[in-house]
Novice: 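Sharing a structure here in structure tokens format.
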Amino acid sequence: QQPVQSPQAVILREGEDAVINCSSSKALYSVHWYRQKHGEAPVFLMILLKGGEQKGHDKISASFNEKKQQSSLYLTASQLSYSGTYFCGTESGVGSQGNLIFGKGTKLSVKP
Amino acid sequence: GAVVSQHPSWVICKSGTSVKIECRSLDFQATTMFWYRQFPKQSLMLMATSNEGSKATYEQGVEKDKFLINHASLTLSTLTVTSAHPEDSSFYICSATGGTSLDTQYFGPGTRLLVL
């Protein structure tokens, strides 16, 4: 089952914060976050594994609540370069060969 | 590190022809490679998963006779779209896992296919 992302789209001014959510109806082994710019391939941001994690680099961080089967991506003090579509990819179990099912994406636009 | 390349980046072909797309891991050995298709403004849809030397595993609804996948080595996988039709026009992206981070999928730059 495809994970559900919210919101579908968000418009920010430079310097503002945003949260993107990803939730699944299935138990999750891992959640992967990617950013895709128009016409380009997705770029890996981070992976969170079962056991409940929080990770971050620069001003982008994420959390994984295994019990709630959801993950959130936090973008703080957004920059123009953060614009793009953010996808979460979920892996439901060991032995799934690492197959990811991607959400429909959240389009983030950062304006000056 | 962990660079994945795809070739060609763009292809335009006539209906009925076959198109081959290559996916290479340049600086690591890819244990598994994945092929995705993405239609405009839509999410990535997994088509198939392949491991070197074995047959690809196709997702439900993906015709394995139409989308031939060959994973000949630990650094190369190819996707051949046979007898392409206009509805096959899409953005095809490969990804690979391996190297130091087995969980991370590294994506290639994608191949845009337009079938006339």
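All chains are named by letter (A, B, ...) in the order of the sequence lines, taking the proteins before the strands, and each is independently numbered beginning at 1. Fair warning: this is a prediction, and the values are worked out from it, not measured in the lab.
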Novice: Chain A heavy atoms under 4.5 Å from B:Q38: which part of the residue, side chain, backbone, both or neither?
Specialist: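 Side chain only.
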Novice: I'd like to know whether NZ of A:K26 has more than 12 heavy-atom contacts from other residues, nucleotides or ligands below 6.0 angstrom.
Specialist: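 No - once you tally the heavy atoms of other residues, nucleotides and ligands closer than 6.0 Å, there are 12 at most.
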Novice: Would B:W35 end up clustered with B:L74 when hydrophobic side chains under 4.5 Å apart are linked, directly or stepwise?
Specialist: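 B:W35 does not cluster with B:L74.
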Novice: For B:L46, is it the side chain, the backbone, both or neither that has a heavy atom under 4.5 Å from a heavy atom of chain A?
Specialist: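 When you check distances to chain A, only side chain atoms of B:L46 fall under 4.5 Å.
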Novice: Okay, side chain of A:Y34, backbone of B:Q105: is any donor-acceptor separation there less than 3.5 Å?
Specialist: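 Indeed, once roles are kept as given, a pair shorter than 3.5 Å links the two residues.
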Novice: Test of understanding: clusters of I, L, V, M, F, W, Y form through side-chain heavy atoms closer than 4.5 Å, transitively. Do B:I69 and B:M47 belong to the same one?
Specialist: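 Hydrophobic grouping puts B:I69 with B:M47.
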Novice: Restricting to non-hydrogen atoms, name the atom on B:F91 and the atom on A:E40 that form the minimum distance, rounded to 0.1 Å.
Specialist: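 Scanning both residues, the minimum pair turns out to be CE2-O, 3.7 Å.
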Novice: Quick one: of A:M46, A:K107, A:K104, who has the most non-hydrogen atom pairs under 4.5 Å with chain B?
Specialist: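 Ranked by heavy-atom pairs under 4.5 Å with chain B, first place is A:K104.
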Novice: Do other residues, nucleotides or ligands put more than 12 heavy atoms under 6.0 Å from the NZ atom of A:K37?
Specialist: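 Atom NZ in A:K37 is packed in, count exceeds 12.
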Novice: Starting from B:V4, can I reach B:I21 by hopping between I/L/V/M/F/W/Y residues whose side chains sit under 4.5 Å apart?
Specialist: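 Different hydrophobic clusters.
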Novice: What distance do B:L44 atom CG and A:I101 atom CD1 have between them, rounded to the nearest 0.5 Å?
Specialist: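 Taking CG in B:L44 and CD1 in A:I101, the distance rounds to 12.5 Å.
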Novice: Linking I/L/V/M/F/W/Y whenever their side-chain heavy atoms sit closer than 4.5 Å, directly or via other members, would B:L113 and B:I12 fall into one cluster?
Specialist: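 Looking at the clustering, B:I12 is in a separate group from B:L113.
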Novice: Can you tell which of A:G105, A:P42, A:G39 has the highest number of heavy-atom pairs within less than 4.5 Å of chain B?
Specialist: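 Max contact count across the listed options: A:P42.
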Novice: How many angstroms lie between atom CZ of B:F107 and atom CZ of A:F44, to the nearest 0.5 angstrom?
Specialist: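 The CZ atom of A:F44 is 10.5 Å from CZ of B:F107, to the nearest 0.5 Å.
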Novice: Looking only at non-hydrogen atoms, find the nearest pair between A:A41 and B:G110 and report the distance.
Specialist: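 Looking at all heavy atoms of both residues, the closest pair is CB-N, 4.3 Å.
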Novice: Return yes when atom CD of A:Q1 has more than 12 non-hydrogen atoms of other residues, nucleotides or ligands closer than 6.0 Å, and no otherwise.
Specialist: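 No, CD of A:Q1 has 12 or fewer neighbouring heavy atoms, counting only those of other groups under 6.0 Å.
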Novice: Under 4.5 Å between any side-chain heavy atoms of B:Y36 and A:L100, yes or no?
Specialist: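 B:Y36 reaches A:L100 side chain to side chain.
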Novice: So how far is it from A:Q36 CD to B:S43 OG, rounded to the nearest 0.5 Å?
Specialist: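 Reported value, rounded in 0.5 Å steps: 8.5 Å.
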